[in-house]
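When a ligand or atom number is given, it counts from 1 through the structure's own listing order.
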Amino acid sequence: MAEIHPAEFPTAQGDYEFARRVAELSKGRIKIEVYPGGVLGDELSVLEQVQFGGIDLARVSIAAVEPFAPQMAALFMPYIYRDQDHMWRVLTGPIGQKLLADLEHGRLIGLGWFEAGARSFYTVNKPVRRVGDLKGMKIRVQESPPMISLLQSFSALARPMVFSVVYSALRTGAIDGAENNLATYYASGHYQVAPFYVLDEHARLPEVIIASPVAFAEISRLDQKLIRQAASDAIAYQRRIWAKYEAEITLILKSAGVSFLLSEDQEQWHKLARRVWSAQSIQVRSLLEQIQNTR
Ligand code: BDP
């Protein structure tokens, strides 16, 4: 199982819990080995290997699966969720379950979701408070069309690149900033080189647990079911660990001298982000409406 975060990170902890549960339910017959720290490669290349059975399982960001299943874009549109609970109602409800199942058309098997907080911007030299402050700044984003469009709608210069090179890009000044959740901002060490974190919370990108259709074809239906069960059992644990980790690191980041800034002109951020919504396909736009109507 591929994981780009280090072993102690809450998504990796969720992977280990998933593996433990698979071993438990199968009475030791099925063993999952987690490879944290990105040793199996960046997320897009991992997913290509998962499609063809070179890697059996992966935990990736939803942005990484969207190229294989374009309707996934609906689940991480900027400011689409009212809050974390709203997101989880959507993910565990009919929309989230359908999109997870539809991953099969992209030669991937979706097993479940993990929490990943909300993403915000952080910068090296110049603090950002208003969305206008991003104008002309070079900001790293995931290699994800909706995220690139978001940066464009904010008049920033989107710099898509793999996660593993972001630290040095920030350090050498190749980029002025990046965006991520607090946990990743901490664990990656990005806070050491980009100490201004503005709490604009522009998007929630859940994580996805993925299995290879090739690996799944080799095991019985019952074992497939068991693995799905283990994934859904690991979710509650991962959500708890996530919340605990976020609370702990907020204190550490503050004492390390990070400036947490409140975003001003929140309405303007929302208004510009809406351009990304209207640029989506008719199918995605219809999903956006259903998500908004989810109570
Ligand atoms: C983190 C996700 C990770 C992504 C990374 C990124 O957990 O899966 O690869 O963001 O920005 O929050 O690339």
Side-chain angles (χ1 to χ4, degrees), residues 1-16 18 34-50 55 57-68 72 75-76 78 81 84 87 91 108 110-123 138-148 150-151 156 158-170 174-175 177-191 193-194 197 199-210 234-235 238-239 241-243 245-246 249 253:
M1 180 168 192
E3 167 64 69
I4 64 149
H5 289 298
E8 65 281 6
F9 194 82
T11 57
Q13 288 297 310
D15 304 339
Y16 288 119
F18 165 55
V34 180
Y35 287 81
V39 292
L40 297 183
D42 64 76
E43 295 188 337
L44 285 176
S45 69
V46 160
L47 285 178
E48 280 161 12
Q49 295 183 68
V50 167
I55 295 175
L57 296 149
R59 189 292 308 160
V60 296
S61 168
I62 189 171
V65 298
E66 187 266 350
F68 308 101
M72 280 285 174
L75 295 180
F76 65 99
Y81 300 115
Q84 195 185 42
M87 178 185 83
L91 295 180
L108 297 170
L111 298 179
W113 308 103
F114 277 169
E115 177 60 52
R119 295 174 80 105
S120 290
F121 289 99
Y122 47 89
T123 46
K138 296 191 273 300
I139 305 289
R140 180 271 173 171
V141 279
Q142 290 162 289
E143 297 164 289
S144 159
M147 296 308 285
I148 296 169
L150 177 64
L151 270 283
R159 292 288 181 266
M161 58 181 81
V162 298
F163 181 69
S164 54
V165 303
V166 181
Y167 184 92
S168 69
L170 287 165
I175 50 175
E179 50 83 53
N180 220 311
N181 56 55
L182 219 48
T184 304
Y185 175 60
Y186 171 70
S188 59
H190 293 177
Y191 71 97
V193 277
Y197 192 94
L199 295 154
D200 60 272
E201 303 198 335
H202 52 268
R204 290 186 178 273
L205 272 67
E207 315 284 11
V208 204
I209 313 164
I210 300 287
I235 296 175
Q238 192 272 342
R239 291 183 65 186
I241 295 284
W242 182 274
Y245 189 82
E246 233 176 23
I249 61 164
L253 287 169

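Ligand 1 has no nitrogen or oxygen under 3.5 angstrom from a nitrogen or oxygen of E179. Residue H5 has at least one nitrogen or oxygen atom sitting less than 3.5 Å from a nitrogen or oxygen atom of ligand 1, judged on distance alone.
With a 4.0 Å heavy-atom cut-off, ligand 1 is reached by the side chain of N181 but not by its N, CA, C or O. If you look at E143 next to ligand 1, there are no close heavy atoms at all, none under 4.0 Å. With a 4.0 Å cut-off on non-hydrogen atoms, I4 touches ligand 1 through its side chain and not its backbone.
Residue F163 has at least one heavy-atom neighbour below 4.0 Å for each of these atoms of ligand 1: 5 (C), 6 (C), 11 (O), 13 (O). Close approach of ligand 1 to Q142 (heavy-atom distance below 4.0 Å) involves ligand atoms 4 (C), 6 (C), 11 (O), 13 (O). Of all atoms in ligand 1, listed by their number and element, those nearer than 4.0 Å to a heavy atom of E207 are 2 (C), 7 (O), 8 (O). Proximity to R59 (heavy-atom distance under 4.0 Å) selects the following atoms of ligand 1: 3 (C), 7 (O), 8 (O).
Between Y185 and Y122, a ring centre-to-centre spacing shorter than 6.0 Å is recorded. Taking the six-membered ring for Trp, Y197 and F121 have ring centres at least 6.0 Å apart.
Residue, atom and distance of the protein heavy atom nearest to atom 13 (O) of ligand 1 are R140 NH2, 2.9 Å. Here the heavy atom of the protein found nearest to atom 3 (C) of ligand 1 is E43 OE2, 3.5 Å.
Side-chain contact check for W242 and E246: at least one donor-acceptor pair (N or O, by modelled atom type) lies under 3.5 Å. Judged by distance alone, the side chains of E207 and S61 never bring a donor and an acceptor atom under 3.5 Å apart.
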List the steps and the verdict of salt bridge (Lys or Arg N to Asp or Glu O under 4.0 Å) for R59 and E43. CA-CA 9 Å; R59 189 292 308 160; E43 295 188 337; 3.8 Å; yes
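Residues V60 and I4 form no side-chain contact, since every pair of their non-hydrogen atoms from C-beta on lies 4.5 Å or further apart. The side-chain heavy atoms of E115 and P206, taken from C-beta on, include no pair separated by under 4.5 Å.
Using bins of under 30°, 30° to 60° and over 60° for the plane-to-plane angle, the ring pair H5/F163 lands in the perpendicular bin.
Within the structure, ligand 1 has N180 among the residues with a heavy atom less than 4.0 angstrom away.
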